[in-house]
Novice: 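The structure is given below, and queries will be raised subsequently.
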Amino acid sequence: MAPSDSSKTPAPPADSPTVNVFAVHGVEPEIQAYAMAKYSRSALSMKESLRELSEQRAEQFLNTFYFQYGHRSIADLAHLAMAVERLSLLAAIVLVDESRWDGQERSTRYQNFRKSGFYTPDHGGDGEAAELYRNTAAFLFAEYEAFSQLMFEHLAGLTPRPEDMKADAYERTLKARAFDLSRYLLPLATNTSLGQIVNARTLESQISRLLSHTHAEVRNLGTLLRTAATQNAYNVNHEAYGGLVEEIRALNKDLGDRAERLLLKEVRVAPTLVKYAEASQYAMTTRNELRQAAMDLMGNLAVAPSQPVELISEDPLETEVATTLIYQNCHYSYAQIRDQVAALPEKRCQEIIDLGLRHRGPHDELLRPYSAGQSFRFDILMDIGGFRDMHRHRRCIQIEQDFTTAHGYEMPPEIAAAGAATRYAAAMERAATAAKKLSGTTDDPQAIAPDAQYLIPLAFRTRALFKMDLAEALYIAELRTTPAGHYSYRKVAYCMYEEVAKKHPGLARYFRVKDITEPVDLLKR
């Protein structure tokens, strides 16, 4: 007998199945979801399932198991690529506010938004309001363009081009740094574009959330997303396939007709899974009741000063839930609201918690404030531009407040160094005054009306509660303090580290943060 060769992997027994792994493409998302869902109810292989499928059969299956039996996990298997173009920055912030979301948006740090244009509400036919809105937005765009050039010249004066750096690379890098600073003047009305890849389940909840929003633009966006998912999709190969079909038809008409049916057929990415997505009465009714509860609880209290980042100490779970429900519906800090909630009788605290659940239907997901109990809770007050970057962190719970001018605005030190502080402040005051005038008289002195929020520049501060575990706190601090990042979120991320270090000094050494006080080479990104 020959000696065995231990370096060779022994062959499996003759009756042992071998693993089969393959990728799939060219299948409509819902058909693919159906084929994958069949694994739980059929012994057919994926290839066999796909061969015996049809759009009609998939729709029948999904109508039965998705809608009638509530097997919503099926929609996790259908992934959709979608483009959303010429929406406002405000609407984009709302759109991407999903924990299960992948996508990219135009960057205000690297692109010139001078020619982007801006969203304009209809103002209910009020001509005077429309004129004030358009004039203010146009003014902010003119200032954005002027500051972009001003800051480029200022930075170029501070940072000569190295001999080994090409002129176009030097100019491109400094322009990006200038956009970092001038973007503070862009209003939330600024048009942007983004692409997203989401599963059908996330898209369904996203559409429902958008349709329930306070802003008309956002509600319309929900309708457009539903239409895009249920009607004919853009076929990137349509022109090429069309030419091929005509060549085939010239040789054989019947074969050309068959090729047309196969290659140019209409494809709808989710005709079944999102067709019933609609506004959530639960979310809309609960929002109104919680806003009233917030006004009743906080009364006429002034908004107390707070630090940019505050790490919240532990609370009883009931206090945390009630405080967070109120937090989302006002402009006070978490600590200021918690003091009021903690002073309430236990019954009243429970009533606030009940408000968030009173109108919940059998298929409504819990509101986000009920995602409670995380060890690290940061109450963050930062400029809207920087918040858009922090907003991308999905492995945490984010509770956002409405946009307002009540918290003031940030001014980058480079603006003052360039001698433009007075001009910058005047632009901010003009925008804030216009937003307040368009808002009219409100019960909440900090509130800005939905249509008026579009005039708020990215420099103004917004408040958001970030709840996370230790791993996410470490990740954000490590990623967002790097010198290539924007100073706004670098400062916030470093403050997060400092807050954790004060409360848990033994954990500080695990944070691989960069010192934000060290000078930054403007030519390195």
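One-based numbering along the sequence shown.
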Novice: Apply side chain to side chain contact (heavy atoms under 4.5 Å, CB included) to Val94 and Leu221, showing your working.
Specialist: CA-CA 10 Å; Val94 178; Leu221 184 58; over 6 Å; no
Novice: Tell me, do Met496 and Phe511 make a side-chain contact under 4.5 Å, heavy atoms counted?
Specialist: no
Novice: Test Asp389 against every option in Arg109, Arg183, Arg490, Lys491 by the salt bridge (Lys or Arg N to Asp or Glu O under 4.0 Å) rule and name the one that passes.
Specialist: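 For Asp389, the salt bridge (Lys or Arg N to Asp or Glu O under 4.0 Å) test succeeds with only one of Arg109, Arg183, Arg490, Lys491, which is Arg183.
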Novice: Is it true that His504 and Phe376 have ring centroids separated by less than 6.0 Å?
Specialist: yes
Novice: Without swapping roles, check the side chain of Gln206 against the backbone of Leu95 for a donor-acceptor pair under 3.5 Å.
Specialist: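 Indeed, once roles are kept as given, a pair shorter than 3.5 Å links the two residues.
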Novice: I'd like to know if the side chain of Arg480 reaches the main chain of Ala493, judged simply by a donor and an acceptor atom lying under 3.5 Å from each other, with no hydrogens or angles considered.
Specialist: no
Novice: Just checking Gln104: does its CD atom have more than 12 heavy atoms from other residues, nucleotides or ligands closer to it than 6.0 angstrom?
Specialist: no
Novice: Under the ring pair (Phe, Tyr, Trp, His ring centres under 6.0 Å) definition, can you give me all pairs with a residue in residues 157-209, not counting sequence neighbours?
Specialist: Tyr184-His486
Novice: So that I can tick it off, tell me whether Glu204 and Arg201 are bridged by a salt bridge, with the cut-off set at under 4.0 angstrom between side-chain N and carboxylate O.
Specialist: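 So Arg201 does not pair with Glu204 through a salt bridge.
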Novice: Let me see the working for Arg388 and Glu105 under salt bridge (Lys or Arg N to Asp or Glu O under 4.0 Å), right down to the final yes or no.
Specialist: CA-CA 10 Å; Arg388 291 176 67 245; Glu105 182 187 346; 2.6 Å; yes
Novice: Is it the case that over 12 heavy atoms from other parts of the model lie below 6.0 angstrom from the CD1 atom of Ile197?
Specialist: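 Count not over threshold, so no.
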Novice: Using the salt bridge (Lys or Arg N to Asp or Glu O under 4.0 Å) definition, which of the options Arg392, Arg394, Arg209 pairs with Glu98?
Specialist: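 So, applying the salt bridge (Lys or Arg N to Asp or Glu O under 4.0 Å) to Glu98 and each of Arg392, Arg394, Arg209, only Arg209 qualifies.
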Novice: Looking at Glu171 and Lys175, is any side-chain nitrogen of the basic one under 4.0 Å from a carboxylate oxygen of the acidic one?
Specialist: yes
Novice: Short question: side chain of Asn191, backbone of Ser116 - any donor-acceptor pair under 3.5 Å?
Specialist: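 It does hold such a pair.
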Novice: For the residue pair Ala229 and Met82, what are the closest heavy atoms and their distance?
Specialist: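 The answer is N-CE, 4.2 Å.
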Novice: Mark yes or no for whether Ser439, through its side chain, and Ala449, through its backbone, hold a donor-acceptor pair below 3.5 Å.
Specialist: yes
Novice: Indicate whether the side chain of Glu499 and that of Gln307 have a donor and an acceptor atom separated by less than 3.5 Å.
Specialist: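 Side-chain D/A pair, Glu499 to Gln307: absent.
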Novice: Between Ala200 and Val274, which heavy-atom pair has the shortest distance, and what is it?
Specialist: O-CG1, 3.8 Å
Novice: Just by distance, no angles: are the side chains of Gln446 and Thr404 close enough, under 3.5 Å, to form a donor-acceptor pair?
Specialist: no
Novice: Please tell me if the side chains of Glu410 and Ser488 come closer than 4.5 Å, counting only heavy atoms from C-beta onward.
Specialist: no
Novice: Can you see whether Glu153 engages Gln149 through a side-chain donor-acceptor pair at a distance of less than 3.5 angstrom?
Specialist: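 Side-chain D/A pair, Glu153 to Gln149: present.
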Novice: So Tyr327 and Tyr334, would you call those rings parallel, tilted or perpendicular, with 30° and 60° as cut-offs?
Specialist: tilted
Novice: I'd like to check Leu357 versus Leu366 (side-chain heavy atoms, cut-off strictly below 4.5 Å). Are they in contact?
Specialist: yes
Novice: Does Thr173 use its side chain to pair, donor to acceptor, with the backbone of Ala169 at less than 3.5 Å?
Specialist: yes
Novice: Tell me if a side-chain donor or acceptor on Gln398 pairs with a main-chain N or O of Phe466 at a distance below 3.5 Å.
Specialist: no
Novice: What's the separation between atom CG in Leu344 and atom CG in Asp339, rounded to the nearest 0.5 Å?
Specialist: 11.0 Å
Novice: Can Asp379 and Ser333 be counted as having a side-chain donor-acceptor contact under 3.5 angstrom?
Specialist: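 Ser333 and Asp379 do not have a side-chain donor-acceptor pair below 3.5 Å.
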Novice: To the nearest 0.5 Å, what is the distance between CZ on Arg377 and OG1 on Thr324?
Specialist: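 Nearest 0.5 Å value for the CZ-OG1 distance: 7.0 Å.
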Novice: Please evaluate residues Arg219 and Thr214 with respect to the criterion side-chain hydrogen bond (donor to acceptor under 3.5 Å, both in side chains), reporting the C-alpha separation (whole Å), side-chain torsions for both, the decisive distance (0.1 Å), and the verdict.
Specialist: CA-CA 8 Å; Arg219 295 195 298 273; Thr214 54; over 6 Å; no
Novice: For Ser208 and Ser205, indicate whether the former's side chain and the latter's backbone hold a donor-acceptor pair under 3.5 Å.
Specialist: no
Novice: Could Glu143 and Arg423 be called an ion pair, given the rule that one side-chain N must be under 4.0 Å from one carboxylate O?
Specialist: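 A salt bridge is present here (some side-chain N lies under 4.0 Å from a carboxylate O).
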Novice: Is Arg100 paired with Asp76 through a side-chain N to carboxylate O contact shorter than 4.0 Å?
Specialist: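 Salt bridge flag = no for Arg100 with Asp76.
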Novice: Quick one: which residue pairs count as a side chain to side chain donor-acceptor pair (under 3.5 Å) with a foot in residues 285-297, not counting sequence neighbours?
Specialist: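 Output for this query lists Glu289-His359, Arg291-Asp402, Gln292-Asp296.
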Novice: For a side chain to side chain contact (heavy atoms under 4.5 Å, CB included) check, start with the C-alpha distance between Asp180 and Tyr487, then their side-chain angles and the critical distance, and finish with the verdict.
Specialist: CA-CA 9 Å; Asp180 266 358; Tyr487 180 75; over 6 Å; no
Novice: Between CZ of Arg177 and OG of Ser182, what distance do you get to the nearest 0.5 Å?
Specialist: 13.0 Å
Novice: For a quick test of reading the model, state the closest non-hydrogen atom pair linking His331 to Ala447 and the distance between them.
Specialist: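 Smallest interatomic distance, heavy atoms only, reads CE1-CA, 4.0 Å.
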Novice: Would you name the heavy atoms of Ile207 and Ala277 that are closest together and state the gap between them?
Specialist: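 That closest heavy-atom pairing would be CG2-CB, 3.8 Å.
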Novice: Side-chain donor-acceptor pair under 3.5 Å between Ser313 and Arg338, yes or no?
Specialist: yes
Novice: Is Thr323 reaching over with its side chain to a backbone N or O of Glu320, donor-acceptor style, under 3.5 angstrom?
Specialist: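 No, the answer is negative, given that no donor and acceptor are paired below the 3.5 Å cut-off.
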Novice: Run the ring pair (Phe, Tyr, Trp, His ring centres under 6.0 Å) check on Tyr409 and Phe460 step by step: do they pass?
Specialist: CA-CA 4 Å; Tyr409 56 85; Phe460 277 87; 5.4 Å; yes
Novice: When the ring planes of Phe141 and Phe118 are compared, do they come out parallel, tilted or perpendicular, using 30° and 60° as the limits?
Specialist: tilted
Novice: Taking atom CZ of Arg463 and atom SG of Cys330, what is their separation to the nearest 0.5 Å?
Specialist: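 Rounded to the nearest 0.5 Å, the CZ-SG separation comes out at 9.0 Å.
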Novice: When you look at Leu458 and Asp383, which way does the side chain to side chain contact (heavy atoms under 4.5 Å, CB included) test go after all the steps?
Specialist: CA-CA 6 Å; Leu458 299 185; Asp383 63 272; 5.7 Å; no
Novice: What is the distance from atom CD of Glu400 to atom CG of Leu465, rounded to the nearest 0.5 Å?
Specialist: 10.5 Å
Novice: Can you say whether the rings of Tyr454 and His215 are parallel (under 30°), tilted (30 to 60°) or perpendicular (over 60°)?
Specialist: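 Geometry flag for His215 against Tyr454: perpendicular rings.
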Novice: What closest approach, in Å, do Asp364 and Gly361 show between heavy atoms, and which atom pair accounts for it?
Specialist: OD2-N, 2.7 Å
Novice: To the nearest 0.5 Å, tell me how far Met295 CE sits from Ile326 CD1.
Specialist: 10.5 Å
Novice: Could you name each residue pair satisfying side chain to side chain donor-acceptor pair (under 3.5 Å) that touches residues 81-97, not counting sequence neighbours?
Specialist: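 Sorted result for residues 81-97: Ser88-Glu217, Asp97-Arg368, Asp97-His391.
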Novice: Do you see a donor-acceptor pair shorter than 3.5 Å between the side chains of Asn199 and Thr202?
Specialist: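 A donor-acceptor contact under 3.5 Å links the two side chains.
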Novice: Just by distance, do the side chain of Gln453 and the backbone of Ile448 share a donor-acceptor pair under 3.5 Å?
Specialist: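 Indeed, once roles are kept as given, a pair shorter than 3.5 Å links the two residues.
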Novice: Does the side chain of Tyr144 pick up a donor-acceptor pair with the side chain of Arg114 at under 3.5 Å?
Specialist: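 Their side chains do not contain a donor-acceptor pair, so the 3.5 Å distance test is not met.
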Novice: Distance under 6.0 Å and angle within 45° of the ring axis: does Arg430 meet both against Phe139?
Specialist: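 The answer is yes; both the distance and angle limits are met.
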Novice: Given side chain to side chain contact (heavy atoms under 4.5 Å, CB included), test Ile384 with Leu188 step by step and report yes or no.
Specialist: CA-CA 9 Å; Ile384 300 171; Leu188 282 168; 3.9 Å; yes
